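Beneath this line is the structure, given in structure tokens, with notes to follow.
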Number of protein chains: 2
Amino acid sequence: MRLSKRGEYGLRAMIALAEPAENSDTPQMMQIKEISQREQISTKFLEQILLTLKNAGLLHSKMGVGGGYYLARSAKEITLGQIFRVLDGPVAPIKCVSQMSYESCGCPDEETCGLRLVMGDVRNAIVGILDNTSLADVTKRQDAVRKSLGR
Amino acid sequence: MRLSKRGEYGLRAMIALAEPAENSDTPQMMQIKEISQREQISTKFLEQILLTLKNAGLLHSKMGVGGGYYLARSAKEITLGQIFRVLDGPVAPIKCVSQMSYESCGCPDEETCGLRLVMGDVRNAIVGILDNTSLADVTKRQDAVRKSLGR
DNA sequence: TATATAGTCTATAGTACTAGTATACTTTTG
DNA sequence: CAAAAGTATACTAGTACTATAGACTATATA
């Protein structure tokens, strides 16, 4: 039940982009290098990931001097589920319970397959979290933890 | 967030072994071939999987004529989580939230890492299902579905 | 005790995926 | 025009996945 490195880095980068800048309430524009240094990610690998996210419509970018990446929509409107699916594919642990990309798993009787029933529950649990957590929710939660730690 | 074929086949086989035989309440002994035919799994691949499960103490076996595999404990005492971990390793989507095999994920500040907080929730949701669902629960549920379909 | 049955064990092979590297663009600003 | 910054592909080393093969060991029973 693993999140790939692409997924992990992509999610971390998106969260970083969602964090409000020092003196502003609006999400910031950041360069690949800034993010890769801050999150300890290979710059070249991160380039690919951000490009994928851009082509999927979750990020916008500006080329040239003073350019960088920024969120395509507000942090409230981008969920972790959207990001995850772009980078790691379907959320479902097994194809026969995937809503977005169903495929039969070849078991003798899908309707009464016990594994399918349970994995459906697992899918729903994961989707329930990822699709109902926005980037804004994440940064809010980070702030709450920081405050509770007195930082 | 994928279940491997090994995990899928292993879980399906264990569920099959947990299904009460026609005229008895006790779990049955089944041969590899029976299971592989019924569940449409390559026999040779299934051999390996059942062996792994046996070496992990979840199955017992009897060699020779009239032999086969049977559950090491009652279906009530074997959870899907136990089977999953033997075949697919840790349940956690990311190492830094794994209880059974924790490892730092190298992010700058683990304590306030938003991704870690959310993935912790995901882990708990999955574990909550897999560790609280026994093979007996699965077969019971299958029966309920069969009945509701009038079979 | 011979024989068929059934599980055990180890090796290996093809394929796909992962996690990057490398390189050569294109666009924008000053 | 030069430098900064993103775009686009191609490539690669390593690992994991999904098996397949073959020889071996234990058991029942005729």
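If you're wondering where the values come from, they're calculated on a predicted model, not measured in any experiment. In what follows, chains are A, B, ... by sequence order, proteins preceding strands, each numbered from 1.
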**Request:** Please tell me which of A:V65 and B:E47 maps to the more 5' nucleotide of DNA chain C, matching each residue to the nucleotide holding its nearest heavy atom.
**Result:** B:E47

**Any B:S42 side-chain nitrogen or oxygen under 4.0 Å from OP1 or OP2 of D:dT18** = no

**Asked** Which nucleotide in the set D:dT18, C:dT8, D:dA8 lies at the smallest distance from any side-chain heavy atom of A:L51?
**Response** D:dA8

**Message:** Ignoring hydrogens and geometry beyond distance, is the side chain of A:Q48 in donor-acceptor contact with the base of C:dT21 at under 3.5 Å?
**Reply:** yes

**Request:** Take B:D143 and B:K140 through the test salt bridge (Lys or Arg N to Asp or Glu O under 4.0 Å) and record every step on the way to the result.
**Result:** CA-CA 5 Å; B:D143 286 347; B:K140 230 176 289 173; over 6 Å; no

**Fill in**
Exactly one candidate in B:R38, B:R151, B:R146 meets salt bridge (Lys or Arg N to Asp or Glu O under 4.0 Å) with A:D109; the answer is B:R151

**Asked** If we ignore angles and hydrogens, is there a donor and acceptor under 3.5 Å between the side chains of A:D137 and A:S134?
**Response** yes

**Message:** Tell me if the CZ atom of A:R141 is crowded by more than 12 foreign heavy atoms within 6.0 Å.
**Reply:** yes

**Request:** Calculate the interatomic distance between B:H60 atom NE2 and C:dT8 atom C1'; express it in whole Å.
**Result:** 16 Å

**Asked** At under 4.0 Å between heavy atoms, what does A:L50 touch on the DNA or RNA strands: base, sugar-phosphate, or nothing?
**Response** nothing

**Message:** I'd like to know if the side chain of B:E8 and the backbone of B:L3 have a donor-acceptor N/O pair within less than 3.5 Å.
**Reply:** no

**Request:** Give B:K44 one of three labels, base, sugar-phosphate or nothing, depending on what nucleic acid heavy atoms sit under 4.0 Å from its own.
**Result:** base

**Prompt:** Quick one: is A:Y9 getting a side-chain N or O under 4.0 Å of the C:dT18 phosphate, OP1 or OP2?
**Reply:** no

**Message:** D:dT7, OP1 or OP2 - any side-chain N/O from A:S61 closer than 4.0 Å?
**Reply:** yes

**Request:** Report yes if at least one side-chain N or O of B:K33 is closer than 4.0 Å to OP1 or OP2 of C:dT5; otherwise report no.
**Result:** no

**Request:** Please state how far atom CD in B:Q37 lies from atom P in C:dA6, giving the value in whole angstrom units.
**Result:** 11 Å

**Message:** With a 4.0 Å cutoff (strictly under), does any side-chain N or O of A:K54 reach OP1 or OP2 of D:dT7?
**Reply:** yes

**Asked** What nucleotide among C:dG7, D:dT20, C:dA19 has an atom nearest to a side-chain atom of B:Q31?
**Response** C:dG7

**Asked** To the nearest angstrom, how far is A:F45 atom CZ from C:dT18 atom P?
**Response** 9 Å

**Fill in**
Among C:dA19, D:dT18, D:dA26, the one nearest any side-chain atom of B:M63 is D:dA26

**Asked** With nearest nucleotides of DNA chain D determined for A:N55 and B:G66 from heavy-atom distances, which residue corresponds to the more 5′ nucleotide?
**Response** A:N55

**Message:** If you assign A:R6 and B:G64 each to the DNA chain C nucleotide with the nearest heavy atom, which residue ends up on the more 5' nucleotide?
**Reply:** B:G64

